[in-house]
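This report concerns only the one structure given below.
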2 protein chains.
Amino acid sequence: MPKQFISKNTLYRLPLYLSFLKCLPAECDMISATSIAESLNFNHVQVRKDLASVSDGGRPRVGYKTTELIADLERFFLRKISDNVVIVGMGPLGYALALSSDYKAFGFNVVAAFDHDERVIGKRCGDIEILPVSRLYDFCNAGGVRLGIITTPQNAAQKICDTLTESGAIAIWNFSSAKLHVPEDVLVYDENLTASLAILAAHIKQSR
Amino acid sequence: MPKQFISKNTLYRLPLYLSFLKCLPAECDMISATSIAESLNFNHVQVRKDLASVSDGGRPRVGYKTTELIADLERFFLRKISDNVVIVGMGPLGYALALSSDYKAFGFNVVAAFDHDERVIGKRCGDIEILPVSRLYDFCNAGGVRLGIITTPQNAAQKICDTLTESGAIAIWNFSSAKLHVPEDVLVYDENLTASLAILAAHIKQSR
DNA sequence: TAGATTGTTAATCGATTAACAATC
DNA sequence: TAGATTGTTAATCGATTAACAATC
């Protein structure tokens, strides 16, 4: 079904189609690229190109079968087995992320959390245990952890990142404002909340 | 000091320069665009163009005075007075965001949180009180709230967003996975964590 | 002076959009 | 058949990068 190469911009839009389609009312059994484009404020040709990269279920005059398109998108993201995940930094944000129920839908399984604060080590957060950072390497190495979530302060992030990649992680979800340096095959996805606040501030400023 | 028009991509990079500069060791009193580019993995011409849009402190041979460049960047983001902020949706994520200390640096002041769950209404979160969503419009309208943070489920987000913009908000920080529709002068900054997970999943998949 | 850096003008690249032919 | 939709090929647009002149 899927096609050759997917550009970065397309890759970033695919999840938006998926979440849009998933919250469509049940009676929408067919959906056109045109109507998706309207709802998401995208160009309709762009939507068609994006969808063509993961699905060939589009039919002239009628569009896509909604369930089929959802299935095609999910197939694009899902692996055969789920991947283990750890969270490092158990402040309120790490805590919130540990309690999220979004992981399962994308084949992720949060298996442990880490912190260096004696007062939280040993406690539990939902189903998982909070372990000392000193055990991070061994745990990830033994447990085949593929994704590491970093919610530490900026100055601690690079070292944690190194430990994660050295122990086998190939993806990092970075909530610190540090610029992380990683081996070529590792993806760092930045969720830089401080930078977001700056952008929001700039908008408000120029709105007078 | 600043220049005419700033492109979206440039605007999104400016906060990254700021946080990079801010965590530089104190002995780095001068910094060149070339070295910033190397550290952040950007093209050096791009960095120079970006910085030129907020500062004219660059001097051939020596680069920028670090403190001056930081001040120029901060001047770009800061308003004369700070703006009021509310958070809607007091799950663990809303809670974490309410406790963050990042706001002040960008001239934001979190003044209240809202939820519809009777069990949390009336409680406090740090310095702020959790109020019922039914009071959202009146509170924001009277308090001149400019930024609204949405951490509700996807299906509740649009209605909350409408209430926020109708009561005077001109910026929305959206942590739900809903695509929000707003008046033209309102900025929605999406922090779509579900979409991020999907992108991370896709990377892991194609790494085999 | 030589060299490192700056900022600018021109070339390249890639992504978006427009035009169009094909299909049911 | 007419019309809505699809997917593709070509044109446009904007952003990145390369080349270069200016400066200390």
Side-chain angles (χ1 to χ4, degrees), chain A residues 1-17 20-21 24 28-73 76 179 199 202, chain B residues 1-17 20-21 24 28-73 76 179 199 202:
Chain A
M1 300 281 157
K3 278 199 184 168
Q4 59 296 50
F5 178 74
I6 293 184
S7 82
K8 189 169 176 177
N9 288 11
T10 295
L11 173 62
Y12 280 42
R13 281 188 297 265
L14 290 177
L16 308 183
Y17 300 126
F20 170 75
L21 293 169
L24 233 39
C28 293
D29 56 332
M30 298 301 290
I31 187 99
S32 75
T34 316
S35 65
I36 296 176
E38 259 167 44
S39 300
L40 297 180
N41 273 116
F42 294 156
N43 178 286
H44 63 109
V45 181
Q46 187 173 66
V47 173
R48 252 178 242 117
K49 281 197 169 177
D50 287 346
L51 296 182
S53 65
V54 294
S55 173
D56 54 8
R59 284 194 294 141
R61 174 89 231 230
V62 290
Y64 291 82
K65 195 150 186 275
T66 308
T67 53
E68 219 173 80
L69 189 51
I70 290 176
D72 286 336
L73 282 162
F76 175 75
K179 165 75 191 184
I199 292 159
Chain B
M1 300 281 156
K3 278 198 181 169
Q4 58 296 49
F5 178 72
I6 293 184
S7 82
K8 189 169 175 177
N9 289 11
T10 295
L11 174 63
Y12 280 41
R13 281 189 298 265
L14 290 177
L16 307 183
Y17 300 127
F20 170 76
L21 294 169
L24 231 39
C28 293
D29 56 332
M30 299 301 290
I31 186 101
S32 75
T34 316
S35 64
I36 296 175
E38 260 168 43
S39 301
L40 297 179
N41 272 116
F42 293 157
N43 178 284
H44 62 107
V45 180
Q46 187 173 66
V47 173
R48 251 177 243 119
K49 281 197 170 177
D50 288 346
L51 297 182
S53 66
V54 294
S55 173
D56 53 8
R59 283 193 295 142
R61 173 89 231 229
V62 290
Y64 292 81
K65 195 151 186 275
T66 309
T67 52
E68 220 173 79
L69 189 50
I70 290 176
D72 285 336
L73 281 161
F76 175 75
K179 165 76 190 181
I199 292 159

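Sequence lines set the chain letters: A, B, ... in the order given, protein chains first and strands last, and positions in each chain run from 1.
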So does A:Asn9 get a side-chain nitrogen or oxygen closer than 4.0 Å to the phosphate oxygens (OP1/OP2) of C:dT16?
-> yes
Does C:dA4 have a Watson-Crick or wobble partner in any strand here, with both distances under 3.5 angstrom, and which is it?
-> D:dT23
Could you tell me which non-hydrogen atom of A:Gly58 sits nearest to which non-hydrogen atom of A:Tyr64, and how far apart they are?
-> N-CE2, 3.3 Å
Tell me what A:Thr34 touches on the nucleic acid: a base, only sugar-phosphate, or nothing, going by heavy atoms under 4.0 Å.
-> sugar-phosphate
Determine, stepwise, if the pair A:Leu40 / A:Val47 fulfils side chain to side chain contact (heavy atoms under 4.5 Å, CB included).
-> CA-CA 10 Å; A:Leu40 297 180; A:Val47 173; over 6 Å; no
For B:Asp56 and D:dT23, give me the distance from atom CG to atom P, rounded to whole Å.
-> 15 Å
Which of these nucleotides, D:dT17, D:dA15, D:dT6, is closest to any side-chain atom of B:Val45?
-> D:dT17
Can you check the A:Arg48 CZ to D:dT5 C1' distance for me, whole Å?
-> 7 Å
Separation of D:dA4 P from A:Glu38 CD (nearest whole Å) = 13 Å
Steps toward side chain to side chain contact (heavy atoms under 4.5 Å, CB included) verdict (B:Phe20, B:Leu16) = CA-CA 6 Å; B:Phe20 170 76; B:Leu16 307 183; over 6 Å; no
Let me see the working for B:Ile36 and B:His44 under side chain to side chain contact (heavy atoms under 4.5 Å, CB included), right down to the final yes or no.
-> CA-CA 8 Å; B:Ile36 296 175; B:His44 62 107; over 6 Å; no
Whole-Å distance between D:dT6 C1' and A:Leu51 CG?
-> 11 Å
Rounded to whole angstroms, how far apart are CG on A:Leu69 and P on D:dT5?
-> 15 Å
Check the distance between D:dT16's P and B:Tyr12's OH and give it to me in whole angstrom.
-> 13 Å
Options C:dG3, C:dT16, D:dA18, nucleotide nearest the side-chain atoms of A:Arg13 | C:dT16
So, is B:Arg61 near the phosphate of D:dT23, with a side-chain N or O under 4.0 Å from OP1 or OP2?
-> no
Checking all strands, does B:Arg59 fall into the base, sugar-phosphate, or nothing category for heavy-atom contacts under 4.0 angstrom?
-> sugar-phosphate
Among D:dG3, C:dT6, D:dT17, the nucleotide that comes nearest once only the side chain of B:Gln46 is considered | D:dT17
Nearest-nucleotide wise, let me know which of A:Lys49 and A:Pro60 is further upstream toward the 5' end of DNA chain C.
-> A:Lys49
Which of these nucleotides, D:dT6, C:dT5, C:dC24, is closest to any side-chain atom of A:Tyr64?
-> D:dT6
What is the distance from CD1 of B:Ile31 to P of C:dT5, rounded to the nearest Å?
-> 11 Å
Paired with C:dT9: which nucleotide, if any, by Watson-Crick or G-U wobble criteria at under 3.5 Å for both distances?
-> D:dA18
Between B:Phe76 and B:Leu11, does a side chain to side chain contact (heavy atoms under 4.5 Å, CB included) hold up when you go through it step by step?
-> CA-CA 10 Å; B:Phe76 175 75; B:Leu11 174 63; 3.7 Å; yes
Could you give the CG-to-C1' distance, from B:Asn43 to C:dG14, as a whole number of Å?
-> 15 Å
